[in-house]
Amino acid sequence: MPSYDGGWSDGWKAAGDRLGLAARSLGRGVADLILPPLAHDSPEATASAGLTPGAWSRVVFLEAPVCDGCGAAFDHDGGVFAADRCPACLAAPYAFGRGRAACVYDEASRGLILKFKHGDQQQFAPLFARWISRSAAELLADADAVVPVPLHRMRLLSRRFNQAAEVARPLARSSGLDYLPDALVRARPTDSQGGKSARGRRMNVRTAFAVTEAGRRRIKGRHLLLVDDVLTTGATAEACARTLLAAGARAVDLAVIARVRNARELPR
């Protein structure tokens, strides 16, 4: 319907929207003064919800140069003529094209990730998403959609949430990418990967994943970013990537919260 008030109603509506936004911001500020946001790792109040300074200083964040294939840190920058991949990734590339991790999986990060994964502390999800958005910025720039590594429905019932999905959702939202939580499913239950050899891990998940019919339509021809919590041997991510590529994805990259410190071993 046309406006006959010379635009006054639109102006008042815009002004009201601005006042509402300012009021909400002021309300959050007052609430933070009365009840300061807490650090996720401590009851100590911090300027913004995150980690205490001590915990932050102990996390080993991965900075360039890193291997383009698996995200492992290089000991030094070899210059413009250096290979961008570690020897193992050159000899036997993963099915996913590129990999990035926000930090090293060690004593400092392990406790935080386990609190999130097994301690039902989902407040870590947006924090980890921000970490990944920084470490995997190049991958996000090339991606069309974000896909979390799925849990089997029985594991999901016992854990109540999928940690990869909880990180992938805010990551996709902040990056303006499609979020596809149901494109990839775990078709059969698998044993825990913990304690298994590299070969045992690959065998454990070799046929564990499948793409749904609806998911097949949404991933066809698209560049996907697969999201998981930790990269060790890469067996789970490899199985997921192969399944997505076989279903028609144009390319698959991988982003994780943390990865083990050592680079891949050369295949034997």
Side-chain angles (χ1 to χ4, degrees), residues 71 93-102 116-118 120 122 124-126 128-133 135-193 201-231 233-257:
Y94 280 123
F96 52 86
R98 296 174 293 173
R100 293 292 187 275
F116 169 55
K117 188 173 180 177
H118 299 296
D120 201 18
Q122 297 181 41
F124 280 103
F128 291 151
R130 290 198 297 273
W131 289 6
I132 291 176
S133 69
S135 63
E138 294 175 88
L139 278 55
L140 286 161
D142 292 336
D144 299 311
V146 176
V147 178
V149 170
L151 288 179
H152 188 266
R153 59 182 179 275
M154 297 307 295
R155 183 73 57 84
L156 187 60
L157 282 172
S158 63
R159 192 176 292 172
R160 298 193 300 156
F161 72 102
N162 176 1
Q163 72 280 357
E166 294 303 310
V167 173
R169 185 185 303 110
L171 180 65
R173 183 170 58 245
S174 65
S175 303
L177 299 175
D178 282 350
Y179 173 55
L180 308 180
D182 302 320
L184 185 67
V185 295
R186 197 175 290 244
R188 64 174 179 83
T190 55
D191 296 333
S192 170
Q193 294 282 65
R201 286 171 177 254
R202 290 193 297 271
M203 295 297 292
N204 189 38
V205 296
R206 187 173 58 179
T207 59
F209 301 98
V211 171
T212 63
E213 284 305 313
R216 191 178 300 273
R217 293 191 293 272
R218 299 192 69 185
I219 69 170
K220 187 173 182 180
R222 306 184 82 188
H223 195 139
L224 307 177
L225 182 66
L226 183 68
V227 173
D228 203 2
D229 52 3
V230 178
L231 176 68
T233 65
T236 298
E238 177 100 28
C240 289
R242 289 189 185 282
T243 302
L244 290 166
L245 290 167
R250 175 164 52 88
V252 179
D253 292 328
L254 172 71
V256 297
I257 304 166

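To the nearest 0.5 Å, atoms CD1 (I219) and CG (L245) are separated by 8.5 Å. Separating the OG atom in S174 from the CD1 atom in I132 is a distance of 10.0 Å, to the nearest 0.5 Å. A distance of 7.5 Å separates OG1 of T243 from CZ of F209, quoted to the nearest 0.5 Å. Separation of atoms CD1 (I257) and CG (L231) is listed at 12.0 Å; rounding is to 0.5 Å. Distance check, rounded to the nearest 0.5 Å: CG of D178 to CZ of R173 gives 13.5 Å. Between the CG atom of L225 and the CZ atom of R98 there is a distance of 9.0 Å, given to the nearest 0.5 Å.
A pairwise comparison of heavy atoms in A145 and L180 identifies CB-CD1, 3.7 Å as the closest pair. Heavy-atom minimum distance, A172 versus Y179: CB-CB, 3.8 Å.
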Worksheet item: Can L151 and Q163 be said to form a side chain to side chain contact (heavy atoms under 4.5 Å, CB included), step by step?
Response: CA-CA 9 Å; L151 288 179; Q163 72 280 357; 4.2 Å; yes
Practice prompt. Carefully, step by step, assess H223 and L177 under the rule side chain to side chain contact (heavy atoms under 4.5 Å, CB included).
Written response: CA-CA 11 Å; H223 195 139; L177 299 175; over 6 Å; no
Item to complete: Begin from the C-alpha positions of L184 and C240 and carry the test side chain to side chain contact (heavy atoms under 4.5 Å, CB included) through to its verdict.
Response: CA-CA 8 Å; L184 185 67; C240 289; 3.7 Å; yes
Discussion item. Under the criterion salt bridge (Lys or Arg N to Asp or Glu O under 4.0 Å), I'd like the reasoning laid out for E138 against R100: C-alpha separation, chi angles, the key distance, then a yes or no.
Written reply: CA-CA 9 Å; E138 294 175 88; R100 293 292 187 275; 3.6 Å; yes
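A donor-acceptor distance shorter than 3.5 angstrom exists from the side chain of R222 to the backbone of R218, with no hydrogens or angles considered. The closest donor-acceptor contact from the side chain of E238 to the backbone of Y94 lies at 3.5 Å or more, if one exists at all.
Between P170 and F128 the shortest side-chain heavy-atom distance does not fall below 4.5 Å. Looking at heavy atoms from C-beta onward, V167 lies out of side-chain contact with F124 at the 4.5 angstrom threshold. When side chains are defined from C-beta on, K117 does not count as touching V230, because their heavy atoms never get closer than 4.5 Å. Taking 4.5 Å as the limit, some side-chain heavy atom of L171 sits within range of a side-chain heavy atom of S133.
Ionic pairing of E213 and R217 is not present here: no N-O contact between side-chain nitrogen and carboxylate oxygen is shorter than 4.0 angstrom.
With sequence neighbours excluded, the residues satisfying side chain to side chain contact (heavy atoms under 4.5 Å, CB included) with P126 are R130.
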